[in-house]
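Let me begin by presenting the structure, written as structure tokens, before commenting on it.
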Amino acid sequence: MSAAASNAEFDAVIIGSGPAGATAAEVLTGAGWSVLMLEKGRNHLMALDPPFAPLGHVSNDELKFMRRYFLGPDPWLEPRTFRRTEADGERIETGDVNNLPSTVGGGGFHADGKLPRFRDDDFKPLSAAGPVEGAAIVDWPVDYDEMEPYYAAAERAVGVAGEAGANPFASWRADPYPMPAGPDMYCALLTARAATEMGYHPYRAPTGVNSVEYDGRPACNNCGFCGYFGCPIDAKGDPVAPLRHALQTGNCEIRDECVVTDVLLDRSGRRARGVRYLDRNLEPHEVSGRHVVLAGGAFETPRLLLRNELGHPDVVGRFLQFHFQTYVLGMFGERLHGHRGRSVTHLMDDPIVPDAAAMDAAREAGLPFIRGGIVEHGAAGHPILEGIHLPQGALHSQLMMQSMTRDRMAVFTMQGEDLPQATNRIDLDPHVRDAYGLPAGRATYAPHAHEIACAEHWAPRLEAVMREAGAQNTFWTTSPPIGGSMADRPGGRTPISRHIMGGARMGDDPATSVFDRWQRLHGVENVICTDSSVFPTSTGYGPTLTIVALAIRASRALAGLDPLRSERPS
Amino acid sequence: MGYLQAHELRTLAAAADRLVPPTDDGHPGAAALGVVDYIDGLLDAFSTDPPRIWAGGPFSGRAGGDTGFVRFMDLSSLEELAWRTRIEGSQGIPERERMGPITGWQAQYHSGLSALGADFGDLDSDQQTARLDADPEFRDLLYEHVVEGCYAAPEYGGNRNLDGWRAIDFPGDVQPRGYTDAEVEGRA
Ligand SMILES: Cc1cc2nc3c(=O)[nH]c(=O)nc-3n(C[C@H](O)[C@H](O)[C@H](O)COP(=O)(O)OP(=O)(O)OC[C@H]3O[C@@H](n4cnc5c(N)ncnc54)[C@H](O)[C@@H]3O)c2cc1C
Ligand code: SF4
């Protein structure tokens, strides 16, 4: 890095290169801004010189991606800690807590990219369904009609393949998807057919994977090393596409292996003047920026705010939400070859809109409603994962050959809505530090009774769908665990969910939120946050398309560009 | 190349076969799959530069394309610190002891294999199981490594002749060929 480059003042410094940061970079560079993106992880995504080609580091290699932390973070270098409640003491786990990759591209790099939109009601959960005791449900400061054109822009930028009209629960859209839906996996065809027969409404998942050549990138060739792996052929759009677009403007510089330690304020304390970071040799640097964009993800952004004492101290870190995941596993007589194709090809939204039976279950649990999440129709994992969970000894080899828990298994994952609670939070661990010398982020998290009641209601129903589809045996479990054996298994106690939201919610009142409706930090006018820290509630949908849509909206506002508008078809 | 002594390798082979034994109908035992080479290569990963931690990409050559997997990848200095600590242990080196002292895999294998006993290979299977069960921590570490060695890409030293994948009907890496839409959607 030349001295001139390092001392220049950038129009914006972006912290983090995942979907949130990459989208901001695309919008801001498109507006002619000079952008510096700082990313703590390494670059395995693409060459940073034209034509920004893939580096060839990504491969169909289970050991490298699933066992050896290739995309980071190495839990020993960047530990996080976890406890369920304060009664657990300082922590019960140290290491991997909801880790998303620490690498250029962030979690978008290895996500398999189901990218549904939220619905109209999801932006006004308080007005639509009312409060729940013990939860801080609020309406969002933005509604669906305003979001629609940003969703459309997000789908075009990333490249989403899907089938408009296939999901009866979806809200209106002005345009078709940019690409037709990709091929359906065999096991999902079985489970989707059974679900339809039983009165549910599965649909082909809108996915940020090319079904045809799009934006100069090839169609997916169904290699099957998808979720948790990068795509060796660049068929996944997020965040390859926005990052490449940003780099192509010539206005974007990416510095990898640079961890931001501080946001620097000017003397007034009301404006940021830049950031401080450590480079790969742990040497500190300061860089000036007229604006700062926080995009470290919903775990790291609150951690950075807390370290810098930025944002309302009673709100920062609180209302941390994961999706409460219910897994329903079905074991079939025939081989399902779930290792071919993307990881999930169908979704269904039925648990999100409670039917009469769900309302009865809610009443019985003393709740006004239970709202689950999308049910993903997918397959099981790869062989090392299967092998490690089988019994040791003679049974191992027999069971591996039968493959009841890989090749003959179909999986439903329900991404249950997680109600926001002030006690669920991120703070700084009092003792554990990372390899940069910074206090580790600590999650304190226990689900609300709502999430548990919802899982208990839906799991047996989803098992019935599995059996209808042909499964001979089914069982279900949740993450985090509900009582039972998993609860005491080390490592089994943290929520597995990689959907992380809240922690610095947005709203109009500076006393109860950290960012305003344009995702500007209350009290520090030139800092915005484009990641899911700002989500007031979690909804039952994957967060990423909404992260991208909101990032487009907030970045356009920051750059003084006109708001996007769309017409609702009559 | 190789970290363990000959007598340790013999014990390791017998122990690996106890955890993943051969079957009559086609699953080779762990030792025949090359798990001993896999584990010895992991313990000795830093004897080559770059170390044998991450195989390269994007393709192995088995489904077309170049043979990129054989070109192992560089680690950053922090990544090297983490992997050396994991394999070699913290050995009192301050930067390796940030999270407290760590016994590395090398030392765990030395003591674990020696506790299984020089006669381990001569015992019957129940006796071998009992010895393994005496130290569940080492047994579980070994099991994870054995499973990795059976089913990881062969460039890491195990899964010899792809026999691990063949036994379980898993095709392994398939880029750049991939699967056709019909192969995704149709019955097996
Ligand atoms: C296997 C898997 C499948 C998934 N599938 C889906 C899906 O189907 N649908 C969906 O909606 N979501 C999915 N997700 C979740 C999705 O990956 C995340 O929602 C998304 O990546 C969040 O984007 P982000 O930019 O906010 O944060 P991240 O992707 O986490 O990116 C943040 C980046 O900032 C960097 N960073 C953080 N702090 C600093 C700092 N101080 N200095 C410098 N850099 C910093 C991090 O290293 C990271 O690279 C999946 C996740 C996984 C793991
Ligand atoms: S399944 Fe498709 S999108 Fe996923 S990694 Fe393979 S080629 Fe890429």
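Numbers restart at 1 for each chain; the letters A, B, ... are given by sequence-line order, proteins then strands.
When all heavy atoms of B/A82 and A/L77 are compared, the closest pair comes out as CB-CG, 3.8 Å. A/H396 approaches B/V147 most closely through the heavy-atom pair CE1-CG2, 3.9 Å.
You'll find the side chain of A/R67 reaches within 4.5 Å of the side chain of B/E144, heavy atoms only. Annotation: side chain of B/R62 is not in contact with side chain of A/N60 (no heavy-atom distance under 4.5 Å). Inter-residue side-chain proximity for A/R42 and B/S76 is flagged as met; some heavy-atom pair is nearer than 4.5 Å. Counting heavy atoms from C-beta outward, A/D184 and B/V184 have side chains that stay 4.5 Å or more apart. At least one side-chain heavy atom of B/D25 sits under 4.5 Å from a side-chain heavy atom of A/M401. A/V58 has its side chain out of reach of B/P58: every pair of non-hydrogen atoms, C-beta onward, lies at least 4.5 Å apart. A/Q392 is listed as a side-chain neighbour of B/Y143, based on a closest heavy-atom distance under 4.5 Å.
Note: B/R86 CZ to A/D74 CG = 4.0 Å, rounded to the nearest 0.5 Å. In this structure, CG in B/L81 is found 4.0 Å from CH2 in A/W76, a value given to the nearest 0.5 Å. We find the CG-NE2 distance between A/L399 and B/H27 to be 10.5 Å, quoted to the nearest 0.5 Å. A distance of 9.0 Å separates NZ of A/K64 from CH2 of B/W54, quoted to the nearest 0.5 Å. Taking CE of A/M400 as the start and OG1 of B/T23 as the end, the distance is 12.0 Å to the nearest 0.5 Å. We find the OG1-CG distance between B/T180 and A/N221 to be 10.5 Å, quoted to the nearest 0.5 Å.
Within the 4.5 angstrom heavy-atom criterion, only side-chain atoms of B/S77, from C-beta onward, approach chain A. B/L142 does not touch chain A: none of its heavy atoms, backbone or side chain, sits under 4.5 Å away. For chain B, no part of A/P54 is nearby; none of its heavy atoms comes within less than 4.5 Å. Both the backbone and the side chain of A/I384 come within contact range of chain B, each with at least one heavy atom under 4.5 Å from a heavy atom of that chain. Heavy atoms of B/I102 lying under 4.5 Å from chain A belong exclusively to its side chain. Using a 4.5 Å cut-off between heavy atoms, A/T94 contacts chain B through its side chain alone, with no backbone atom that close. Contacts between A/F229 and chain B at a heavy-atom distance below 4.5 Å are absent for every atom of the residue. For A/F70, the parts lying near chain B are the backbone and the side chain together; criterion is any non-hydrogen pair under 4.5 Å. Contact of A/Y69 with chain B is made through backbone and side chain together, with heavy-atom distances under 4.5 Å. Only the side chain of B/T85 comes within contact range of chain A, with at least one heavy atom under 4.5 Å from a heavy atom of that chain.
Counting only distance, with no hydrogens or angles, the side chain of A/S397 and the backbone of B/P21 share a donor-acceptor pair below 3.5 Å.
Ranked by heavy-atom pairs under 4.5 Å with chain B, the first of A/E257, A/E334, A/R280 is A/E334. For the set A/V432, A/L390, A/L190, the count of heavy-atom pairs under 4.5 angstrom toward chain B peaks at A/L390. Between chain A and the residues B/S125, B/P28, B/A182, B/G57, the most heavy-atom pairs under 4.5 angstrom are made by B/G57. Most heavy-atom pairs under 4.5 Å with chain A: of the set B/G56, B/G186, B/G68, this distinction falls to B/G186. In terms of heavy-atom pairs under 4.5 angstrom with chain B, the leader among A/M185, A/H44, A/R68, A/E62 is A/R68. With respect to chain B, the highest number of heavy-atom pairs below 4.5 Å among A/Q398, A/R406, A/H382, A/H57 belongs to A/R406.
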Item to check | side chain to side chain contact (heavy atoms under 4.5 Å, CB included) evaluation trace for B/F69 with A/S59 | outcome: CA-CA 8 Å; B/F69 280 30; A/S59 47; 3.5 Å; yes

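Near-neighbour residues of residues 150-177 of chain B relative to chain A, defined by a heavy atom under 4.5 Å from a heavy atom of that chain, comprise B/Y151, B/A152, B/Y156, B/A167, B/I168, B/D169, B/F170, B/P171, B/G172, B/D173, B/V174, B/Q175, B/P176, B/R177.
Side-chain contact check for B/Y179 and A/H337: no donor-acceptor pair (N or O, by modelled atom type) lies under 3.5 Å.
The salt bridge (charged side-chain N to carboxylate O under 4.0 Å, His left out) analysis of residues 92-115 of chain B, with sequence neighbours excluded, yields the pairs B/E88-B/R96.
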